[in-house]
Amino acid sequence: MSLKISIIYGSTRDGRLGIRFAKYLQNEFSHRNIEAVLIDPLDMNINTLTKRYSDYEDGNAPAELERVHKELNSSDAFVIVSAEYNHFMPPALVNLLNHFYIEYQRKPSAVATYSVSPFGGVRVSSPLRSFLAQLGMPPISSMIHAPFINKNFNDNGERISSDREERHKEFVKFSEEIEWYANALKSARDK
Ligand SMILES: Cc1cc2nc3c(=O)[nH]c(=O)nc-3n(C[C@H](O)[C@H](O)[C@H](O)COP(=O)(O)O)c2cc1C
């Protein structure tokens with residue numbers, strides 16, 4: 001079954017680094033013949049929430065919200081790429097995710113965190129997983145964490161660390177799990 005995954009990245013910070021990890025994940029999924037779309041709040045020029053997508057009359061939502069609605073609606077799973085800002089999610093990520101709801105229902109999500117520290121953003125996982133469950137996209141058990149994002153990835157999203165082969169195997173396990181749930185829930189939704 002062909003799958004589509006939205007990779008949702010949530011930093012609008014000047015000089016942001018997590019875009020490297022988001023591109024890495026997009027490339028890795030593409031190599032597995034998965035359609036991987038990057039959802040980036042900077043591309044959307046999104047405001048702090050005044051209306052959710054569903055609050056607009058049909059056809060009246062801003063073009064960028066409409067575009068992202070269509071991408072999310074046609075996705076089978078979501079990979080959330082999050083930094084930890086004081087052990088919590090970046091505000092741009094929370095804001096982006098809160099603009100939508102129906103689009104996520106009965107589809108799995110997976111958490112991918114990063115940081116410039118040795119911890120790889122792991123501490124944001126708990127609040128993020130609760131949030132994703134409430135949004136209607138239950139998180140899978142596997143997660144992926146990327147420490148030292150500033151050193152281990154380049155601007156093209158290539159992993160340049162010496163352990164890249166090992167980390168690639170870790171990605172494959174992570175991907176296999178989200179693919180399993182995405183396929184299973186897709187079949188269930190189709191029925
Ligand atoms: C407001 C803020 C809070 C941060 N808090 C943490 C933190 O709790 N733990 C950590 O490892 N790094 C923290 N950092 C450093 C981030 O890991 C680093 O800036 C990272 O590049 C942020 O992601 P971004 O570049 O995609 O915005 C923080 C950075 C900012 C700007």
Side-chain angles (χ1 to χ4, degrees), residues 5-31 34-50 64-65 67-68 71-72 75 77-100 103-104 108-135 137 139-164 166-168 170-171 174-175 178:
I5 293 182
S6 278
I7 297 170
I8 305 178
Y9 171 55
S11 173
T12 50
R13 199 177 63 81
D14 285 354
R16 65 194 190 151
L17 292 169
I19 189 69
R20 299 177 180 189
F21 187 42
K23 284 183 189 167
Y24 161 80
L25 292 167
Q26 187 179 26
N27 289 337
E28 286 279 46
F29 281 117
S30 301
H31 291 146
I34 292 170
E35 185 184 350
V37 183
L38 182 60
I39 307 289
D40 180 345
L42 265 195
D43 291 342
M44 295 170 70
N45 199 18
I46 196 171
N47 294 321
T48 304
L49 191 142
T50 52
E64 276 306 302
L65 272 193
R67 178 182 69 78
V68 172
E71 297 287 20
L72 298 175
S75 291
F78 306 102
V79 172
I80 315 300
V81 181
S82 182
E84 58 179 28
Y85 283 6
N86 298 308
H87 301 190
F88 207 69
M89 293 84 83
L93 177 64
V94 174
N95 186 49
L96 194 169
L97 289 168
N98 274 333
H99 274 80
F100 304 96
E103 297 82 348
Y104 308 134
S109 65
V111 165
T113 72
Y114 63 90
S115 77
V116 293
S117 81
F119 304 111
V122 67
R123 291 165 295 203
V124 77
S125 311
S126 295
L128 180 54
R129 287 163 61 85
S130 300
F131 183 39
L132 298 177
Q134 183 56 32
L135 286 170
M137 47 164 135
I140 63 165
S141 173
S142 288
M143 295 188 271
I144 199 158
H145 307 291
F148 302 121
I149 186 89
N150 47 330
K151 295 186 198 146
N152 288 344
F153 296 84
N154 66 19
D155 286 337
N156 297 326
E158 290 155 343
R159 200 188 264 279
I160 50 174
S161 55
S162 55
D163 63 350
R164 56 187 174 277
E166 218 175 298
R167 298 280 79 85
H168 172 70
E170 182 188 53
F171 170 83
F174 170 80
S175 188
I178 189 79

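The first residue in the sequence is number 1, and the count goes up from there. Counting convention: from 1, in listed order, for ligands and their atoms alike. Predicted model, so just to flag it, every value in this text is computed and none were measured.
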ask   = Within a reach of under 6.0 Å around CG of Asn45, are more than 12 heavy atoms found that belong to other residues, nucleotides or ligands?
value =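 For Asn45, atom CG is not crowded (no more than 12 foreign heavy atoms under 6.0 Å).
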Sorted by chain and number, sequence neighbours left out, side-chain hydrogen bond (donor to acceptor under 3.5 Å, both in side chains) with Ser82 holds for none
Minimal heavy-atom distance between Pro139 and Ala133, with the atoms involved, is CD-N, 4.1 Å
- Task: Work out which heavy atom in Tyr9 is nearest to a heavy atom in Arg16; give both atom names and the distance.
- Result: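 Shortest heavy-atom contact: CE2-NH1, 3.1 Å.
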- Item | Ring centres under 6.0 angstrom apart (Phe29, Phe171) | yes
Side chains of His99 and Met44: does their closest heavy-atom pair fall under 4.5 Å? no
Could you give the N/O to N/O pairs under 3.5 Å linking ligand 1 and the protein, each with its distance?
from     : atom 1 : to     : atom 2 : distance (Å)
ligand 1 : 5 (N)  : Glu84  : O      : 3.2
ligand 1 : 5 (N)  : Asn86  : N      : 2.8
ligand 1 : 8 (O)  : Asn86  : N      : 3.1
ligand 1 : 8 (O)  : His87  : N      : 3.1
ligand 1 : 9 (N)  : Glu84  : OE2    : 2.8
ligand 1 : 11 (O) : Glu84  : OE2    : 3.3
ligand 1 : 11 (O) : Ser117 : OG     : 3.1
ligand 1 : 17 (O) : Val116 : N      : 3.3
ligand 1 : 23 (O) : Tyr114 : OH     : 3.3
ligand 1 : 25 (O) : Arg13  : NE     : 3.4
ligand 1 : 25 (O) : Arg13  : NH2    : 2.8
ligand 1 : 25 (O) : Leu17  : N      : 2.7
ligand 1 : 26 (O) : Tyr9   : OH     : 2.9
ligand 1 : 26 (O) : Gly18  : N      : 3.0
ligand 1 : 26 (O) : Tyr114 : OH     : 2.5
ligand 1 : 27 (O) : Ser11  : OG     : 2.6
ligand 1 : 27 (O) : Arg13  : NE     : 3.0
ligand 1 : 27 (O) : Tyr85  : OH     : 2.7

